[in-house]
Amino acid sequence: MWDIMRNPWCPLTNPTGYVNVGVAENALMHDYLLSYMNTQLTLPAKYLTYNDGAIGAERLRRAMAAFLTKHLHPVKPLTSDNLLVTNGVSSAIEHMSWAFTDPGEGILLGRPYYGTFIPDMSVRPGAVVVGVEFGDVDPFSMDAVECYEKALVRFQETTGKKVRAVMLCHPHNPLGRCYPRQTIVGLMRLCQKYQIHLISDEIYALSVWENTIDEDVSPVGFESALSIDMTGIIDPSLVHLLWGMSKDFGANGIRLGVIISQSNPVLLEAVKGVSLYTYSSSVSEHLAAVILEDEEFTTRYIRLNRQRMGESYAFAAGYLKDCGIEYATGANAAFFLWVNLGRKYCELHPEMGDLGDGIGDKVMEVLLQRKVFLASGGLFGSERSGWFRIVFTHERGYLEEALRRVVLALHD
């Protein structure tokens, strides 16, 4: 991936580079955000120092608490004491895995999943990511809760190790859907039953848009896990939330994430002890605080971002429909189309026979030959081969070039 990112396609300066619709970035609002940021970069000398320490500047944590209280509608308003800032949500995920598991213990993660969850939770903390299989069950339905429980019991019986947490990506990457409230409650009850933690990664919380193209589908709106009254459902000390600037503000490079835990100060104290290693930039903290404190700007930004995402999704989905390429309908959040390129390739190349599980590798091969990069479902724990993730949050000409190359590759 990094080799591809260092060789980006530009029709004028690098026509032989890669068109990259495989990395989860939202470029639709870069112009709007930059025009604002470039008027806000007056830095006092304090931001050349260690600032307020490794858990995040007090100003930033206050701004985040107020902003997220407004938009996530938690039952109990957030305070700065509930938040610990990290240099990106990947660091926050690793902290949670380290805090909750001993090496060899499990964390449940539904398939398909964001591929980097695996190294985030396992490489240094040593946790085992237990992929939950759903088969024909809708992974967002109440029936899916039973699949989580079966995976938990199977892991504990076969390994003798404990499952310590459920990791929920809500809204979901790569499926672009939100979990209904009743399913979140079902997962909370499961966590309460086994006394395990629920970690809700809500990094796409505000990247929810209107789906105007998929017929006979009623997407579920977003509701934060913290907006649910947990009384009689789960011990609140078992529920934690992650958020960051990367996705909702289209700014992966700012490198700011946050761990939110309203009822477990012991967790925050534990992570504080190792927060030196995920110390965020004071300049990034200042810039994020300025953005989040400006309620008028963020309201305009979120509204326009949602409009542009909805329009871009409709264009990309319409393009795929016109080309007869299957995709998972019903998305209304995040940046992704989950597409079945394997099926289309097999339709166009009956002479290839049944490639079975190898179809994903074959399609990736022809895509890279056409210099277009997508994320392979195989790296996302897809239960069926041949599925890929397309990131549609790009400028129209760039997105159209990517889709054109995808179709050409499938015909090769």
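The model shown is predicted, which means the values in this text are computed figures rather than measured ones. For the single chain, residues carry numbers from 1 onward in sequence order.
- The closest side-chain heavy-atom distance from Ile260 to Leu78 is below 4.5 Å.
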Side chain to side chain contact (heavy atoms under 4.5 Å, CB included) for Ser122 and Val128? Distances and angles first, verdict last. CA-CA 6 Å; Ser122 65; Val128 175; over 6 Å; no
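- Under the 3.5 Å distance criterion, with hydrogens and angles disregarded, no donor-acceptor pair is assigned to the side chains of Thr212 and Glu210.
- Screening Leu168, Val130, Val153 against Tyr148 for a side chain to side chain contact (heavy atoms under 4.5 Å, CB included) leaves a single residue, Leu168.
- When the options Phe222, Tyr114, Phe140 are evaluated for a ring pair (Phe, Tyr, Trp, His ring centres under 6.0 Å) with His170, the one that passes is Phe222.
- A salt bridge does not link Glu105 to Lys161: none of the charged side-chain nitrogens sits closer than 4.0 Å to a carboxylate oxygen.
- Using modelled atom types, one finds a donor on one side chain and an acceptor on the other under 3.5 Å when comparing Tyr32 with Arg300.
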Stepwise ring pair (Phe, Tyr, Trp, His ring centres under 6.0 Å) test for His172 and Tyr113: CA-CA 8 Å; His172 193 275; Tyr113 43 68; 9.1 Å; no
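- Ring pair Phe335/Tyr204 is perpendicular by interplanar angle, where above 60° counts as perpendicular and below 30° as parallel.
- To the nearest 0.5 Å, atoms OG (Ser282) and CG (Asp52) are separated by 8.0 Å.
- By the side chain to side chain contact (heavy atoms under 4.5 Å, CB included) test, Ala317 pairs with Ile213, Tyr313, Tyr327, Leu337, sequence neighbours left out.
- Judged purely by distance below 3.5 Å, without hydrogens or angles, the side chains of Tyr194 and Glu149 pair a donor atom with an acceptor atom.
- Evaluated for a side chain to side chain contact (heavy atoms under 4.5 Å, CB included) with Leu267, the options Lys272, Met96, His95 yield exactly one hit, Met96.
- A donor-acceptor contact closer than 3.5 angstrom is absent between the side chains of Ser227 and His73.
- Figure legend: cation-pi geometry between Arg396 and Phe315, with NZ or CZ positioned under 6.0 Å from the six-membered ring centre and within 45° of its axis.
- Taking the side chain to side chain contact (heavy atoms under 4.5 Å, CB included) definition, one finds that Ser141 meets it with Val137, Asp138, Asp143, Ala144, sequence neighbours left out.
- Between Arg389 and Asn173, the closest side-chain pair of non-hydrogen atoms falls below 4.5 Å.
- Residues Ser207 and Met309 meet the side-chain proximity criterion, which asks for heavy atoms closer than 4.5 Å.
- Legend: salt bridge (charged side-chain N to carboxylate O under 4.0 Å, His left out) pairs involving residues 64-85, not counting sequence neighbours, sorted by first then second residue: Lys70-Glu295.
- Residue Arg181 places its CZ atom among more than 12 non-hydrogen atoms of other residues, nucleotides or ligands, all under 6.0 Å distant.
- The closest side-chain donor-acceptor pair between Thr278 and Asn87, if any, does not fall under 3.5 angstrom.
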Which pairs would a plain distance check flag for residues 405-412, meaning a side-chain donor or acceptor within less than 3.5 Å of a matching protein atom at least two apart in sequence or in another chain?
from	atom 1	to	atom 2	distance (Å)
Arg405	NE	Glu401	OE2	2.7
Arg405	NH1	Arg370	O	3.4
Arg405	NH1	Lys371	O	3.0
Arg405	NH2	Glu401	OE2	3.2
His411	ND1	Val407	O	2.9
Asp412	OD1	Arg370	NH2	3.0
Asp412	OD2	Arg370	NE	2.8

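- Between Asn252 and Lys247 the shortest side-chain heavy-atom distance falls below 4.5 Å.
- A salt bridge is defined here as a Lys NZ or Arg NE, NH1 or NH2 lying under 4.0 Å from an Asp or Glu carboxylate O, and Glu383 with Arg111 fails to meet this definition.
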Do Leu242 and Glu202 pass the side chain to side chain contact (heavy atoms under 4.5 Å, CB included) test, and can you show the C-alpha distance, the side-chain angles, and the key distance before you say yes or no? CA-CA 6 Å; Leu242 309 178; Glu202 300 185 5; over 6 Å; no
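- Judged as a ring pair (Phe, Tyr, Trp, His ring centres under 6.0 Å), the pairs with a partner in residues 241-261 (not counting sequence neighbours) are, in order, Phe67-Trp243, Phe67-Phe249, Phe249-Tyr301.
- Donor-acceptor pairing under 3.5 Å is recorded for the side chains of Ser80 and Glu58.
- Between the side chains of Asp214 and Asn332, no donor N or O sits under 3.5 Å from an acceptor N or O.
- A donor-acceptor distance shorter than 3.5 angstrom exists from the side chain of Asn82 to the backbone of Thr79, with no hydrogens or angles considered.
- A heavy-atom distance below 4.5 Å is not found between the side chains of Met167 and Val129.
- The local environment of NZ in Lys150 is sparse, with at most 12 non-hydrogen atoms from other residues, nucleotides or ligands closer than 6.0 Å.
- At a threshold of 4.5 Å between non-hydrogen side-chain atoms, the residues Val391 and His394 count as touching.
- Every pair tested for ring pair (Phe, Tyr, Trp, His ring centres under 6.0 Å) that includes a residue from residues 361-381 fails, sequence neighbours excluded, so the list is empty.
- With Phe392 as the fixed residue, the ring pair (Phe, Tyr, Trp, His ring centres under 6.0 Å) test singles out one of Phe336, Trp338, Trp209: Trp209.
- When side chains are defined from C-beta on, Leu198 does not count as touching His240, because their heavy atoms never get closer than 4.5 Å.
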